[in-house]
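Everything on this sheet refers to the single structure shown next.
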Amino acid sequence: MREKIVGQIRISPEKVLRVKEKIKCIPDLKEEIERFSFYDITDLVEIIMGGSFYLDVSDIHFEPKKENVLLRVRIDGVLHDVLFLSHETYRLLTSRLKVLSGLKINVTDRPQDGRFSLLIENNSIEIRTSTLPSEYGETIVMRILNPKWVVSMEALGLREDMLQLFYEELKKPTGMIICTGPTGSGKTTTLYAFLQKLVNPEIKIITVEDPIEYHLPGVSQTQVDESKGYTFANALRAIVRQDPDVILVGEIRDFETAKIALQAALTGHLVLTTLHTNDAAGTVARLQALGESVTNIAPALNLVIAQRLVRRICQKCSQWEPIPAKRLERLKLLFKTLPPQVKAPTLGPETKILVGKGCRECNFTGYRGRIGIFESFSVDDDLERFILTSPSIVDLKEMALKKGMVPMHIDGYLKVLKGETTFEEVERVTAE
């Protein structure tokens, strides 16, 4: 018996079993959707949500066109077309999703945001729903917040030397660790991995986020609500009066937040946060652009990380192939600059790389799952003095490289040689 609860979908064990057995790739999802009567919208929602869960979909997109509505799903950061729905089916589907998400059905001329829960097997998955008016009807995007995407530090894809550096930095009781990159580059996942390493009964950890993406045991979490005046800055002011040892600030967006976060880092707290910059060296300039002074930035910074996510090669359909000669020669030149603590493989004519051929397991893409590629530098006395001179991004990058920073694209190439990703993926996300 299906439970119809507003704000919650509970998929029956029978339906779960069918979905798990039948849906292994996007064409299977399309086929299953088409099998069900579009007059039973509840069934349709369950197939879309259950299938997306087992395909590791992160976002579901409904995009109204003139003649029909396109359903697309994002897997490993890339959107894939599934099928077209009729406008009549989509009208019924929209009503159902709005009711589930706590949105107003009769409001179609302005954006709305809501949420509901997907109960499947022993998992409770939060779904964030966003609607937006468009030319041919409301577009709907649903973000699936799957708790299994919260990973340990060891599962992030860090090189051994970088992992050891991060362990040492997390032992420091004060200062700031900043993780940078564009939206969707895995910054929050990295900081959550850090928090899991830090959690213990002897310290208090508080986060302020927009929104809270995953709930972490042993951590106090608060969510900003700018419509009520509860901003990052206001939340931070309150948090520092709660006697925390570690503070996570979801994002530094403005001068006020930057100022309070840096002061917290200078006055006895370990602060973890994110910032939107293209690379690690751009962090200081970005904080200056927000209005902060290098006299506060330099002594507060402990560690700066930049990252991107690349797709992993599918292990089911991959094959080892000889590396192209031009690639090999370029790698030899690049690896000459690697610091001694970085372990690089020996390159020669016998060097091979892994290539995914495409199969049902990976939706015929050759990729399944994602892994991070990183660059980072820790701020020692020399770098602190250098930052106090207000250097350009180019000069700071040059100094960080001299101190042993490995550029992100080279970190990616090292993962290519380990058989984890491809040259094309690294170049897609780093533009190198």
Side-chain angles (χ1 to χ4, degrees), residues 77 156-158 162 165-166 169 175-194 208-210 213 232-233 236 247-262 264-265 270-310 370 372-380 383-384 386-412 426-432:
L156 290 173
L158 298 167
M162 190 176 281
L165 170 65
F166 291 2
E169 291 297 332
M176 179 177 283
I177 295 174
I178 297 183
C179 193
T180 76
T183 300
S185 59
K187 301 184 297 296
T188 301
T189 299
T190 296
L191 294 186
Y192 276 20
F194 289 179
V208 51
E209 304 170 65
D210 183 22
E213 294 193 16
F232 274 115
L236 261 178
I247 303 170
L248 183 146
V249 185
E251 183 185 345
I252 291 180
R253 299 174 179 173
D254 52 50
F255 168 67
E256 202 172 4
T257 306
K259 180 180 179 181
I260 301 168
L262 286 167
L270 180 62
V271 178
L272 313 181
T273 189
T274 72
L275 196 66
H276 285 284
T277 66
N278 290 326
D279 55 17
T283 299
V284 173
R286 175 64 179 147
L287 288 171
Q288 286 181 283
L290 289 175
E292 257 301 343
S293 164
V294 288
T295 56
N296 287 329
I297 298 169
L301 280 184
N302 288 358
L303 177 68
V304 178
I305 307 161
Q307 69 178 80
R308 300 290 189 278
L309 291 175
V310 293
R370 287 192 290 178
I373 58 174
F374 303 85
E375 65 182 26
S376 68
F377 64 85
S378 58
V379 179
D380 59 11
L383 262 173
E384 182 177 334
F386 189 65
I387 291 171
L388 285 169
T389 68
S390 193
S392 68
I393 294 175
V394 173
D395 289 342
L396 182 55
K397 183 173 184 177
E398 187 177 314
M399 181 68 164
L401 290 170
K402 287 179 181 177
K403 286 284 186 177
M405 182 179 80
V406 176
M408 194 186 306
H409 65 284
I410 296 182
D411 183 51
V426 174
E427 288 157 3
R428 178 178 69 87
V429 302
T430 64
E432 286 290 338

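Going from atom CE of Met405 over to atom CE of Met162 covers 9.0 Å, rounded to the nearest 0.5 Å. Between the CD atom of Glu209 and the OH atom of Tyr192 there is a distance of 3.0 Å, given to the nearest 0.5 Å. The structure places CG of Leu272 at 9.5 Å from CD1 of Ile247, a figure rounded to the nearest 0.5 Å. Summarising the geometry, atom CD1 belonging to Ile297 is positioned 9.5 Å from atom OG1 belonging to Thr283; distances are rounded to the nearest 0.5 Å. Note: Phe374 CZ to Leu156 CG = 5.0 Å, rounded to the nearest 0.5 Å. In this structure, CE on Met176 lies 6.0 Å from OG1 on Thr273, to the nearest 0.5 angstrom.
What you find for Asn302 and Gly175 is that their closest heavy atoms are ND2-CA, 3.4 Å. Contact between Phe255 and Gly291 at its shortest, heavy atoms only, is CE1-O, 3.4 Å. The heavy-atom pair separating Pro391 from Asp395 by the smallest distance is CB-CB, 4.2 Å. For the residue pair Ala306 and Asp279, the shortest heavy atom distance occurs at CB-C, 3.8 Å. What you find for Asp411 and Val406 is that their closest heavy atoms are N-CG1, 4.1 Å. The two residues Ala298 and Ile387 make their nearest non-hydrogen contact at CB-CG2, 3.7 Å.
Contact check for Leu287 versus Ile178: side-chain heavy atoms found under the 4.5 Å cut-off. Using a 4.5 Å heavy-atom cutoff, the side chains of Glu169 and Ser378 are in contact. In this structure, the side chains of Ser376 and Gln307 stay at 4.5 Å or more apart for every pair of heavy atoms. In this structure, the side chains of His276 and Glu251 come closer than 4.5 Å at one or more pairs of heavy atoms. Glu427 places none of its side-chain heavy atoms less than 4.5 Å from the side chain of His409. Phe232 is not listed as a side-chain neighbour of Asp254, based on a closest heavy-atom distance of 4.5 Å or more. The shortest side-chain heavy-atom distance between Val249 and Ile260 does not fall under the 4.5 Å cut-off. With a 4.5 Å cut-off on side-chain heavy atoms, Leu396 and Leu383 count as touching.
Remark: the backbone N or O of Pro182 is paired with a side-chain donor or acceptor of Lys187 at under 3.5 angstrom. With hydrogens and angles ignored, the 3.5 Å screen pairs no side-chain donor or acceptor of Glu375 with any backbone N or O of Pro407. Between the side chain of Thr277 and the main chain of Thr180, no donor-acceptor pair closer than 3.5 Å is present.
Put simply, the residue from Leu270, Leu248, Ile305 that forms a side chain to side chain contact (heavy atoms under 4.5 Å, CB included) with Phe194 is Ile305.
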What's the verdict on side chain to side chain contact (heavy atoms under 4.5 Å, CB included) for Val304 and Val284, showing C-alpha distance, side-chain angles and the deciding distance?
-> CA-CA 10 Å; Val304 178; Val284 173; over 6 Å; no

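Around the CG atom of Asp210, the shell of radius 6.0 Å holds more than 12 heavy atoms that belong to other residues, nucleotides or ligands.
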